Amino acid sequence: MTTALLNSAFAPPRPRTSPRALAAGTSLAMSTVLGTAGVRPFRERMELRRGALNDTLPVHSKWWREHGRADGELLYVALGDSAAQGIGATRPDRSYVGVLAEGMRAASERSIRTVNLSVSGATTALAVRDQLPRLRTLAPDVVTVAIGANDIADWDAAAFDRNVRAILDELPEHAIVGELPCFHFPRNERKVAEANGMLRAAARSRGLAVAPLHSATRRQGLPGILTQFARDMFHPNDGGYAVWAEAFRPLVAARLDALGAAERLELLDAVDVGGRG
């Protein structure tokens with residue numbers, strides 16, 4: 001199992017940047033701006049789009065619960081919010097969690113049990129309350145965490161810092177923590193910068209790897225804004241989640257390499273003990 005093999009195994013859908021996709025994205029973005037401004041027809045359309053996505057919440061949650069009961073040679077556990085659930089994707093397995101799980105399966109040639117502890121709408125406080133107790137009952141081989149985007153609307157820096165440290169305190173040393181993604185708008189980006197600074201400091205003090213999700217999403221620029229978001233212009237679509245998965249991929253590859261090396265060492269130790277016996 002090598003990093004190069006995992007790199008080749010990941011084949012997420014490529015974000016669409018065709019003129020037609022850009023035109024459709026521009027129309028959707030303008031409609032959202034007008035709806036947010038209170039222009040009645042556009043506001044009604046925006047609410048309908050959000051309502052349609054909200055209808056997928058129980059569908060995605062049920063899908064992950066059912067798939068989390070399957071057996072697997074490796075256990076992958078994801079903590080997070082609606083992004084980990086894949087809200088905005090065409091299917092739950094097109095979320096970044098699903099893309100990573102499929103990449104791990106293809107690269108390792110082993111079955112993957114994916115337990116998705118994420119909850120749509122979760123804040124860091126809710127993750128401490130609801131997801132950490134469930135994590136304590138598991139012994140995962142791979143862990144990813146992407147949480148905090150829902151804290152931005154009602155920003156409380158002290159509470160965020162406290163909750164992030166509580167979450168990271170209970171993660172295994174091999175866990176991979178994702179930054180908050182780029183929000184693109186300056187007012188929110190100031191809060192996101194503060195949040196990511198706290199997150200990186202907490203991760204660094206605990207020796208945890210951080211996936212550069214903010215820079216990965218920021219690099220997408222205006223084409224990304226227009227083509228990589230779902231109809232609510234908040235959640236990523238399939239192309240957007242492919243960008244998220246790419247931010248995590250090198251660190252997941254390194255973790256799989258470490259697992260393979262540990263297993264080879266255990267095998268060599270067993271052979272050595274048997275030879276001495």
Side-chain angles (χ1 to χ4, degrees), residues 1-14 59-120 122 127 131-132 134-147 167 170-178 208-211 213 216 236 238 240-267:
M1 186 191 311
T2 66
T3 300
L5 179 59
L6 185 59
N7 291 345
S8 64
F10 274 101
R14 294 181 63 84
V59 176
H60 284 231
S61 180
K62 181 175 183 289
W63 191 93
W64 285 113
R65 286 197 306 273
E66 291 175 349
H67 282 72
R69 290 193 285 267
D71 292 330
E73 297 167 275
L74 295 176
L75 174 58
Y76 168 34
V77 174
L79 290 82
D81 49 33
S82 55
Q85 285 284 304
I87 303 305
T90 54
R91 303 195 311 252
D93 62 342
R94 294 282 179 87
S95 68
Y96 76 92
V97 172
V99 173
L100 290 173
E102 175 57 24
M104 285 187 276
R105 184 203 62 76
S108 66
E109 297 183 336
R110 300 171 72 178
S111 57
I112 308 293
R113 178 190 175 199
T114 303
V115 175
N116 194 337
L117 301 181
S118 67
V119 178
S120 292
Q131 298 179 44
L132 288 185
R134 297 178 62 194
L135 176 65
R136 295 180 194 121
T137 68
L138 301 168
D141 299 293
V142 179
V143 177
T144 61
V145 183
I147 191 73
I167 293 168
E170 300 216 28
L171 299 180
E173 61 182 8
H174 58 75
I176 303 163
V177 183
L208 296 172
V210 177
L213 184 55
D238 289 4
Y241 282 126
V243 173
W244 282 51
E246 177 62 21
F248 280 94
R249 178 192 53 75
L251 295 172
V252 172
R255 173 57 185 161
L256 287 186
D257 271 349
L259 284 170
E263 290 172 358
R264 289 191 294 272
L265 184 59
E266 288 178 3
L267 180 60

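Numbering of residues begins at 1 and proceeds along the displayed sequence. Treat the numbers as computed from the prediction; the structure is a model and nothing was measured.
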Is it true that a side-chain atom of Ser111 and a backbone atom of Glu73 form a donor plus acceptor pair closer than 3.5 Å? yes
How about Trp244 and Leu213: do any of their side-chain heavy atoms sit closer than 4.5 Å? yes
Classify the ring geometry of Tyr96 against Phe248: parallel below 30°, tilted from 30° to 60°, perpendicular beyond 60°. parallel
Heavy-atom nearest pair, Ala127 first then Ile167, reads CB-CD1, 4.0 Å
Do Met104 and Val252 make a side-chain contact, defined as non-hydrogen atoms from C-beta onward lying under 4.5 Å apart? yes
Are Leu74 and Val142 close enough, and set up right, to give a side-chain contact (heavy atoms from CB on, under 4.5 Å), and what steps lead you there? CA-CA 8 Å; Leu74 295 176; Val142 179; 5.9 Å; no
Could you tell me the separation between the CZ atom of Arg110 and the CZ atom of Arg105, rounded to the nearest 0.5 Å? 13.5 Å
Considering all heavy atoms, the nearest Val99-Ala245 contact: CG1-CB, 3.6 Å
Smallest separation among heavy atoms of Ala84 and Ser95, with atom names: O-OG, 3.7 Å
Would you kindly say whether Gln85 and Ser118 are connected by a side-chain donor-acceptor distance under 3.5 Å? yes
Check whether any side-chain N or O of Asn116 sits under 3.5 Å from a backbone N or O of Arg65 as a donor-acceptor pair, and report yes or no. no
Nearest-0.5 Å distance, CG of residue Leu132 to CG of residue Leu79: 6.5 Å
Go through the steps to decide whether Asp141 and Tyr76 satisfy the test side-chain contact (heavy atoms from CB on, under 4.5 Å), and finish with yes or no. CA-CA 6 Å; Asp141 299 293; Tyr76 168 34; over 6 Å; no
Ser82 versus Tyr241, closest heavy-atom pair with distance: O-OH, 3.8 Å
Within 6.0 Å of CD in Glu66, more than 12 heavy atoms from elsewhere: yes
Distance (rounded to the nearest 0.5 Å) between Asp257 CG and Arg255 CZ: 11.0 Å
Any heavy-atom pair between the side chains of Leu117 and Leu135 that's under 4.5 Å? yes
On a heavy-atom basis, which atom in Val143 and which in Pro172 lie closest, and how many Å separate them? CG2-CG, 3.7 Å
Could you state the interatomic distance from NE2 (His60) to CZ (Arg94), rounded to the nearest 0.5 Å? 11.5 Å
Hey, what do you get for CZ (Arg113) to CG (Leu138), rounding to the nearest 0.5 Å? 6.5 Å
Heavy-atom closest contact (Ile87 atom, Ser120 atom, distance): CG1-OG, 3.7 Å
Rounding to 0.5 Å, atoms CG (Leu251) and CD1 (Ile176) come to a distance of 5.0 Å
Report yes if the distance between the aromatic ring centroids of Trp63 and His67 is under 6.0 Å, otherwise no. yes
